Each structure stands twice: as C-alpha cells, then as structure tokens.
Amino acid sequence: MTRTARLTILLLAVLLLGTAGAAAVLRAAERSGQRDREQAGGPPVRTGTVSLRPPSGGRQLLVRNLAWGPHRDEIAAVPADRPNGPRTVSGVKCLRFHAAAGTGICLQAAHRALQDTYRAVVLDAHLRERHRFPAAGIPTRARVSPSGRLVAWTVFVSGDSYAGTGFSTRTAIVDTRSWAIDDNLESFAVTKDGRPYRASDINIWGVTFADDTRFYATLATGGQTYLVQGNVAARTLTTLHRNVECPSLSPDGTRLAYKKRVPHASPDAPWRLYVLDLRSMKETRTAERRNIDDQALWSGSSTLVYSLPGDYGSDLWTVPADGGGRARRMMVSALAPAYPR
C-alpha cells in the first residue's frame with residue numbers, strides 16, 4: 001500500500017470517528033433538552049397544593065417525579081390506590097425525600113459554576129422550609145422517624161456506588177425539636193459480636209427508625225456489612241446480623257426489608273431483596289430476582305416498594321414481603337416514595 005493510500009485511509013477514519021462523535025454529542029444534547037419538555041405518553045402532571053397530611057378519607061403516596069417536563073424532580077402526590085393517576089406537583093425539588101407525621105426531609109443540590117453543593121432541608125407539613133443543613137456529598141438515603149421528630153440522611157463523600165469498595169459515606173441524625181445534629185454516626189460507640197470495636201474504615205448508612213431513640217442501619221468494616229441497632233440517646237451501635245444493607249423497618253417493628261449480596265452475582269449488580277425476621281433472624285428471599293440498589297419502603301405490612309432503572313430514570317415496583325407472588329411495576333418515572341401518616 002502506498003503512502004498516499006495509507007494517508008487517505010487514515011483521514012477517512014478520522015472523519016468517520018469525528019462524525020460519530022459529533023452525532024453522539026448531538027443526540028445527548030437533544031435528549032437533555034427533551035427533559036424540559038413534557039414526556040409524550042407520560043403520566044399526567046398538574047400543579048396544585050401538596051401536603052404531608054393525608055387528605056381526609058384517603059391515603060396518599062408522595063414521590064420524586066421523574067417524568068420529563070418542567071416539573072421533573074418535584075415532589076408529587078397521587079392517591080395511594082391510584083399510583084398511575086394524575087400527579088399533583090408541589091414546586092419543591094428533591095434528589096432524595098421521605099416524610100412522616102407532618103415532617104419531611106428533602107436532600108437538594110445547589111448548582112454552582114464550578115461544583116455543585118448539597119443541603120438537607122427539613123420541611124413542614126406544607127412543604128415549607130423549617131431548617132437547613134449543609135450536606136457533605138451526593139445524597140443517597142433519607143428517612144423520618146414515625147413521630148416526625150427525628151430525620152436522617154446519608155451522602156456519598158467519595159465514590160458513587162455501594163457496589164465497590166472505594167466509597168465513603170456520612171450519615172447524620174437531627175432532632176427537629178432542638179435542631180441538635182449528630183453529623184457523623186461513625187463517632188458512635190460500636191459493639192461488634194459482643195465486644196467494643198474500633199476501626200478506621202467504618203462506614204454507616206441507610207438509617208430506618210423504630211422510634212425516637214432506636215434505629216437500625218448498615219455498618220461496613222473489614223470488607224463486611226452488618227445490621228446494627230442504634231441508640232440516639234446513648235450514641236451506640238450494636239451489630240445484629242451480617243450481610244444487611246439499607247434496612248427498612250416494617251410498620252409493626254418485627255421485620256426488616258434489605259438488600260443482600262448474593263454469591264455468584266455480578267460485582268456491579270450484587271444485591272437481591274430479602275426480609276429479615278428480627279425475632280428469629282430468619283431470612284426470606286422475595287420474588288424479585290433482579291438487582292436492587294435501593295432502600296425499600298413498606299406499603300402496609302405485606303408489600304415492599306422499591307426502585308429499578310426505567311426509561312426516564314427510575315420506576316417504582318412492588319413485591320410481597322413473604323417471598324410469594326411476583327414483582328409488579330407500580331409507577332413509572334418516579335423515585336423516593338413515602339406514605340406520610
């Protein structure tokens with residue numbers, strides 16, 4: 001092959017790569033721009049008044065609305081028995097959200113020219129700001145105690161996934177009566193396997209409250225994860241069970257839904273959804289067989305709600321907690337569900 005031919009082939013290759021790259025950029029820009037336009041065939045969305053107090057005679061479901069359009073990321077309300085019905089959006093945008101007893105916790109991003117910052121905003125029953133705290137990293141989990149008096153959140157401060165080992169978290173708990181904050185639960189005294197335990201690699205995430213003193217969470221150390229029971233007043237954490245992540249306490253306080261790493265799964269998709277009986281410590285695998293990277297929510301005493309990737313971000317799915325039945329998609333383009341009581 002002559003030098004001229006080689007140069008011609010190289011030039012054509014460069015042109016083809018450049019054309020493909022430009023097309024990819026244009027497609028990404030077009031898709032990004034579409035997020036501000038209403039999603040064709042998507043769920044109906046309307047503005048209105050959203051409250052954390054359930055309407056009289058009905059139960060409501062609150063979610064982060066992910067449907068493309070001007071109200072993407074806003075907290076939206078739907079009747080709990082009609083999750084695919086019209087969504088009433090609030091104007092309040094959250095990356096993560098939870099609510100109970102008239103108190104909400106909303107984790108938000110503040111977009112800056114050089115780098116985004118994050119904050120945790122405590123909301124009243126009308127979604128008005130009561131107090132805000134700086135958040136140290138990317139929001140990932142949020143919970144409110146059943147009484148509404150305590151709120152908790154977890155953020156990533158390095159790394160961006162629980163699946164690998166190169167991440168660090170910060171979990172905080174705030175008392176909404178005094179605004180006192182424990183901004184890093186890693187400072188709590190740990191008892192592991194019946195003995196005091198200290199280590200530099202401890203990470204805590206995924207709080208779920210039993211009441212205004214007791215909570216459960218995940219503790220990671222030494223390459224293992226543990227279910228811990230925490231005590232806010234005593235500032236203690238006690239390990240109860242291995243291989244538990246992002247626990248979620250049932251309404252009656254007897255069971256925990258959680259994600260568990262299973263053998264032979266892909267390192268990028270290692271978790272399946274399980275339920276743990278706290279009295280017997282018996283584990284039940286749910287009928288959901290896909291990878292679950294979420295803190296599931298109990299919808300009543302027998303059904304779990306959780307997110308899976310969808311066409312427009314995430315969809316919400318349900319599965320029975322007893323291991324029977326099958327998984328069903330409940331709601332498209334939604335994340336961070338809450339059933340305020």
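When reading the values below, keep in mind they use all heavy atoms of this one structure, side chains included, and skip hydrogens, waters and symmetry mates. Quantities reported herein were computed from a predicted structural model and do not represent experimental measurements.
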Is there side-chain contact between Thr238 and Lys192, with at least one heavy-atom pair below 4.5 Å? no
Partner of Asp315 under salt bridge (Lys or Arg N to Asp or Glu O under 4.0 Å), picked from Arg329, Arg328, Arg290, is Arg329
Could you tell me if the side chain of Thr49 sits less than 4.5 Å from the side chain of Thr88, heavy atoms only? no
Salt bridge flag under 4.0 Å for residues Arg112 and Asp116: no
Would you say the side chain of Leu150 lies within less than 4.5 Å of the side chain of Phe209, judging by non-hydrogen atoms? yes
Approximate separation, where rounding is to 0.5 Å, of Leu52 CG and Arg128 CZ: 10.5 Å
Hey, could you give me the SG/CZ distance between Cys106 and Arg64, rounded to the nearest 0.5 Å? 10.0 Å
With the 4.5 Å side-chain cut-off for hydrophobic clustering, are Leu240 and Leu249 part of the same group? yes
Would you say the side-chain atoms of Thr154 pair up with the backbone N or O of Thr140, donor to acceptor, closer than 3.5 Å? no
Answer yes if the side chains of Asn231 and Thr236 hold a donor-acceptor pair under 3.5 Å, and no otherwise. no
Any non-hydrogen side-chain atom of Leu278 less than 4.5 Å from a side-chain atom of Tyr216? yes
Could you tell me whether the side chain of Asp294 and the main chain of Ser307 form a donor-acceptor pair under 3.5 Å? yes
Does a salt bridge link Lys260 with Glu245, judged by any charged N lying under 4.0 Å from a carboxylate O? no
Is there a side-chain contact between His71 and Thr47 in this structure, where contact means two heavy atoms from C-beta onward sitting under 4.5 Å apart? yes
Looking at Asp277 and Lys282, would you say the former's side chain and the latter's main chain have a donor-acceptor pair under 3.5 Å? no
Considering only heavy atoms from C-beta outward, does the side chain of Arg255 approach that of Ser301 to under 4.5 Å? yes
Does some side-chain heavy atom of Ile202 sit less than 4.5 Å from a side-chain heavy atom of Tyr197? yes
Would you check, one step at a time, whether the test side chain to side chain contact (heavy atoms under 4.5 Å, CB included) holds for Glu186 with Asn203? CA-CA 7 Å; Glu186 294 168 23; Asn203 273 294; 3.5 Å; yes
Hey, does the side chain of Asn65 reach the backbone of Ala76 with a donor-acceptor pair shorter than 3.5 angstrom? no
Go through Arg326 and Arg289 one step at a time and tell me if the side chain to side chain contact (heavy atoms under 4.5 Å, CB included) criterion holds. CA-CA 9 Å; Arg326 64 184 182 89; Arg289 297 297 190 250; over 6 Å; no
Spell out, as yes or no, whether a donor-acceptor pair under 3.5 Å connects the side chain of Glu74 to the backbone of Gly91. yes
Side-chain contact test, heavy atoms from C-beta onward, threshold under 4.5 Å: evaluate it for Ile105 versus Arg143 and give yes or no. no
Without hydrogens or angle criteria, can the side chains of Tyr274 and Glu283 be said to hold a donor-acceptor pair below 3.5 Å? no
Verify whether the ring centers belonging to Trp317 and Tyr306 lie closer than 6.0 Å. no
Could you go step by step and tell me if Tyr118 and Leu107 meet the side chain to side chain contact (heavy atoms under 4.5 Å, CB included) rule? CA-CA 7 Å; Tyr118 302 95; Leu107 305 185; over 6 Å; no
Run the numbers on Arg170 and Asp183 for salt bridge (charged side-chain N to carboxylate O under 4.0 Å, His left out), then give the verdict. CA-CA 8 Å; Arg170 291 289 181 274; Asp183 61 0; over 6 Å; no
Crowded around Arg341 CZ? As in, over 12 foreign heavy atoms under 6.0 Å? no
For the pair Arg59 and Asp81, find out whether any cationic side-chain nitrogen is under 4.0 Å from an anionic carboxylate oxygen. no
Is atom CZ of Arg198 surrounded by more than 12 heavy atoms (other residues, nucleotides or ligands) closer than 6.0 Å? no
Under-4.0 Å salt bridge between Asp293 and Arg141: yes
Keeping the roles fixed (side chain from Arg72, backbone from Leu66), state whether a donor-acceptor pair exists under 3.5 Å. yes
Quick check against the 3.5 Å criterion: does Gln295 have a side-chain atom that pairs as donor or acceptor with the backbone of Val207? yes
Main chain of Leu273, side chain of Thr286: is a donor-acceptor contact present, judged purely on distance under 3.5 Å? yes
Let me see the working for Asp193 and Arg242 under side chain to side chain contact (heavy atoms under 4.5 Å, CB included), right down to the final yes or no. CA-CA 10 Å; Asp193 300 328; Arg242 289 177 181 262; 4.1 Å; yes
Just by modelled atom types, is the Leu185 backbone N or O under 3.5 Å from a matching donor or acceptor in the Asp182 side chain? no
Could you see if Val305 belongs to whatever hydrophobic cluster contains Val63? Use Ile, Leu, Val, Met, Phe, Trp, Tyr and a side-chain cutoff under 4.5 Å. yes
Between Phe133 and Trp153, what is the ring plane arrangement, given parallel below 30°, perpendicular above 60°, and tilted in between? tilted
Could you grab the distance from atom CG of Asp73 to atom CZ of Phe97, nearest 0.5 Å is fine? 13.5 Å
Salt bridge or not for Asp175 and Arg149, using N-O below 4.0 Å? no
Starting from Ile181, can I reach Val155 by hopping between I/L/V/M/F/W/Y residues whose side chains sit under 4.5 Å apart? yes
Would Val232 and Leu237 show up in the same hydrophobic cluster when neighbours are defined by side-chain heavy atoms closer than 4.5 Å? yes
Hydrophobic cluster membership, Val275 vs Tyr258, 4.5 Å side-chain cutoff: no
Distance-only, no hydrogens or angles: does the Arg96 side chain make a donor-acceptor pair with backbone N or O of Ala142 under 3.5 Å? no
